[in-house]
Amino acid sequence: MSFTGWAQVNGRDELPIPQKVELDVEYMNRGSFLFDIYILWLTLLKVLKRDGVSH
């Protein structure tokens, strides 16, 4: 189970479905432990900055 992902840190609900699919494919191709750590780091930064929060 995942609480974040490559598409989430790249725009979340602002992205159209085809772009989310492209990001999911990119994630599968680049998948590694270090890439996952990078995504977690980006998630933490977005949470702290409240980036993308609309309500």
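The model shown is predicted, which means the values in this text are computed figures rather than measured ones.
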So do the side chains of Lys46 and Val9 get within less than 4.5 Å of each other, counting heavy atoms only? yes
Under the ring pair (Phe, Tyr, Trp, His ring centres under 6.0 Å) test, which residues partner Tyr38, sequence neighbours left out? none
Going from [atom1] on [X] to [atom2] on [Y], what distance comes out if it is rounded to the nearest 0.5 angstrom?
X     : Y     : atom1 : atom2 : value
Leu44 : Ile39 : CG    : CD1   : 14.0 Å
Lys20 : Asn10 : NZ    : CG    : 12.0 Å
Glu26 : Phe35 : CD    : CZ    : 5.5 Å
Asp24 : Ile17 : CG    : CD1   : 9.5 Å

Treating Ile, Leu, Val, Met, Phe, Trp and Tyr as nodes and any side-chain heavy-atom pair under 4.5 angstrom as an edge, say whether Leu15 and Val25 lie in one connected cluster. no
Determine whether Leu48 and Trp41 fall in the same hydrophobic cluster, where Ile, Leu, Val, Met, Phe, Trp and Tyr are linked whenever their side-chain heavy atoms lie under 4.5 Å apart. yes
Is the side chain of Gln8 donor-acceptor paired with the backbone N or O of Gly5 at a distance under 3.5 Å, no angle test? yes
Apply side chain to side chain contact (heavy atoms under 4.5 Å, CB included) to the pair Leu40 and Asp36, showing each step before the final yes or no. CA-CA 6 Å; Leu40 286 171; Asp36 286 341; 5.5 Å; no
Heavy-atom pair with the smallest gap, counting every atom of Trp6 and Leu23: CD1-O, 3.4 Å
